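Working notes, structure below.
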Amino acid sequence: MSDFHSHPPKSSLPGQDDSQVNHTQYPVIESENISNTRSDFRRFLAIVSAVGLLIGMLLFGNGFSVITITLSSIAVIIMALCWRYPRQGLWAFLIYLPFAGTISYGIGNDHFLFHLAKDGLYIPALIGLIFELRKKKLPLINPPQLKIPLLILFLIAIVTLIAVNGVLQKHATPDNQPFAVGLFGLKVLIGYIPLITCGYYLIRHRQDLEFLTRLQVILILICCILGLIQFGLVVSGYCPDNSGLPENLLLRANVQRKCLVGGSLGYLPAQNFIRLPGTFVAPWHWAWFLVSSTFFCFATAFSDPKLTWRLMGLGTLSLVILNAIVSGQRTALLAVPSIVILLIIFTSHISRIKRVLVIILGMFIFMMGTWILAPEVMTERVDSFIGRWNADPPAVFLTKQTNLSLKAHRGFLGNGLGEATTSARGLGKTRLVEAYYPKLLYEIGPFGVAAFLFLVTNITILGFKSYHQLQDHSLWGYGIIFWIFIVLISYNPYWYPLDTDPVAVYYWFLVGVLLKLPKIQKQEQEKDQLEAPLDP
């Protein structure tokens with residue numbers, strides 16, 4: 001199996017960072033190691049390609065279409081490579097994630113297998129990582145304080161699946177399979193929690209951390225440009241609006257109105273209605289992508305050591321704000337500017353007051369410029385936000401959702417996993433609960449809610465301790481920004497971002513990254529001590 005640490009020289013210790021080894025002392029070993037790695041890759045690729053070809057021939061013999069055969073063979077090869085090279089598989093997973101909706105609808109024609117394609121990268125890479133960590137005798141859970149909270153949540157989820165979904169399965173029909181709904185709900189609830197381990201071991205040193213944030217900025221930049229192009233095509237009439245649809249679909253995003261990228265889209269100029277999906281499957285996912293992107297862009301703008309990348313972070317942040325304005329999503333319109341202000345308050349200090357002033361002034365000029373150039377867009381967004389707030393204030397909305405869950409509550413184990421997970425509706429009957437903790441209460445009962453809160457509270461406390469250990473200001477900047485993201489998502493009661501991409505991925509992954517930062521700082525301090533000249 002491949003080395004998760006990218007094949008360091010044989011002289012390095014297990015888990016030791018490559019930067020701690022003086023490669024100039026081992027030129028022959030390093031050259032041979034690279035040659036062996038390339039040879040191993042070619043050999044493994046040849047084997048999996050042969051297996052993929054064999055599978056293709058078997059499918060051809062059973063009358064499958066050429067497209068199905070080709071895609072199946074490619075999928076087998078990709079999954080095998082992700083298992084063999086988990087580090088590269090995880091990077092591929094993060095790169096694919098923002099474009100998953102576009103590929104699912106543009107290439108996959110909304111086939112359910114394409115909606116699971118990202119897990120075809122994630123799961124094999126996770127399995128490969130686990131094998132690698134077991135071989136090196138490294139802990140799967142770091143820090144160990146998370147073991148008990150994770151175990152409690154897992155046990156409650158399994159008991160609910162067996163005792164509630166299993167009983168409901170006795171009354172199953174072809175259109176309603178409660179146990180299958182429960183399995184899907186289990187995947188949604190805990191399926192991405194192992195990304196804590198992935199984030200912890202994928203980010204080995206500062207260079208990996210900077211690569212992560214810079215990569216995210218590039219992906220965000222591409223997605224935001226595509227989102228603005230989508231907006232231009234929609235408002236110019238190049239893509240059809242909702243006119244001609246049934247009355248109940250006029251003011252809703254739907255798949256019949258796809259445009260360039262992404263999935264469900266809604267636009268009705270007569271009602272000043274617009275909901276853009278960007279590169280994601282639906283406007284809701286796009287809104288939370290913009291929210292999470294604010295943190296990555298701000299982290300790069302404030303903490304990256306290179307001026308070029310800091311400027312790119314600021315520029316991309318302005319595109320995130322612009323997309324939040326034109327997307328028609330009230331969540332993004334309120335959250336993105338608010339988060340920028342919040343991060344400025346938490347990260348500002350005297351030595352960087354000029355950068356703070358530039359960001360505040362730039363954001364003000366940008367929003368005022370948008371208001372001047374497109375006053376109808378800004379006016380409609382503000383009016384829509386105020387109208388929605390007045391019609392159903394957040395406090396009233398959350399109270400309604402909580403009362404709904406309490407009235408429908410069957411027992412201390414809840415109504416069953418997945419029973420309020422909208423993405424499981426293809427497997428059976430589900431109920432729409434539009435707030436996260438009321439949804440958990442409906443599915444896994446009060447003990448399940450308490451277990452989840454116990455887990456995220458432990459994560460919040462450990463994350464706080466983690467970034468408070470950081471003396472390096474650049475690492476501290478990354479740490480506090482990631483920690484604020486984790487806190488806001490952990491206790492966010494409004495809607496259910498932890499059930500949807502990409503927040504469900506970024507949240508658990510950044511937990512692992514945040515908890516790794518003190519070790520990165522320790523590695524750099526040890527390296528500086530080794531390189532420091534001895535006193536005469």
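If you're wondering where the values come from, they're calculated on a predicted model, not measured in any experiment.
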request  = Dump the intermediate steps for side chain to side chain contact (heavy atoms under 4.5 Å, CB included) on Leu195 and Tyr200, then the final yes or no.
outcome  = CA-CA 8 Å; Leu195 282 169; Tyr200 188 89; over 6 Å; no

key: Test log, rule side chain to side chain contact (heavy atoms under 4.5 Å, CB included), inputs Val513 and Leu209   = CA-CA 8 Å; Val513 176; Leu209 176 64; 3.8 Å; yes

inquiry  = Evaluate Asp119 against Tyr192 for side-chain hydrogen bond (donor to acceptor under 3.5 Å, both in side chains), listing each step before the verdict.
reply    = CA-CA 10 Å; Asp119 294 329; Tyr192 287 127; 2.9 Å; yes

task = Determine, stepwise, if the pair Lys136 / Leu133 fulfils side chain to side chain contact (heavy atoms under 4.5 Å, CB included).
result = CA-CA 5 Å; Lys136 292 178 177 295; Leu133 294 178; 5.7 Å; no

task = Would you please test Gln521 and Arg206 for side chain to side chain contact (heavy atoms under 4.5 Å, CB included) and show each step?
result = CA-CA 8 Å; Gln521 178 178 261; Arg206 183 189 291 268; over 6 Å; no

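Leu94 has its side chain within reach of Leu212: a pair of non-hydrogen atoms, C-beta onward, lies under 4.5 Å apart. Asn142 places none of its side-chain heavy atoms less than 4.5 Å from the side chain of Thr197. Put simply, the side chain of Leu290 does not reach to within 4.5 Å of the side chain of Thr331, judged on heavy atoms. In this structure, Phe452 and Pro149 have side chains that are not in contact, with every pair of non-hydrogen atoms separated by 4.5 Å or more. Contact of the Phe295 side chain with the Leu488 side chain is registered, since non-hydrogen atoms from C-beta on lie closer than 4.5 Å. Under the 4.5 Å side-chain criterion, counting only non-hydrogen atoms from C-beta, Leu510 is not in contact with Leu514. Residues Lys439 and Asp499 have side chains in contact (heavy-atom distance under 4.5 Å, counting atoms from C-beta outward). Here the side chains of Pro277 and Gln230 are in contact, with some heavy-atom distance below 4.5 Å.
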Donor-acceptor contacts, no H, no angles, side chain residues 278-285, under 3.5 Å, sequence neighbours left out:
from, atom 1, to, atom 2, distance (Å)
Thr279, OG1, Pro98, O, 2.7
His285, ND1, Asp501, O, 3.0

Report all side-chain donor-acceptor pairs from residues 257-266 shorter than 3.5 Å, counting only partners two or more places apart or in another chain.
from, atom 1, to, atom 2, distance (Å)
Arg257, NE, Asp241, O, 2.4
Arg257, NH2, Ser243, O, 3.3

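Classification of the Tyr467-Phe464 ring pair by plane angle, with boundaries at 30° and 60°, yields perpendicular.
Taking the six-membered ring wherever Trp is involved, the centroid distance between the rings of Phe485 and Tyr506 does not fall below 6.0 Å.
Paired with Gln207 under the rule side-chain hydrogen bond (donor to acceptor under 3.5 Å, both in side chains), one option of Arg204, His205, Glu210 passes, and it is His205.
Note that CZ of Phe289 and CD of Gln329 are 14.5 Å apart. Values are rounded to the nearest 0.5 Å.
Between Ser490 and Tyr507 the shortest heavy-atom distance is OG-OH, 2.5 Å.
Listed by first then second residue, pairs satisfying salt bridge (Lys or Arg N to Asp or Glu O under 4.0 Å) with a partner in residues 93-107 number zero, not counting sequence neighbours.
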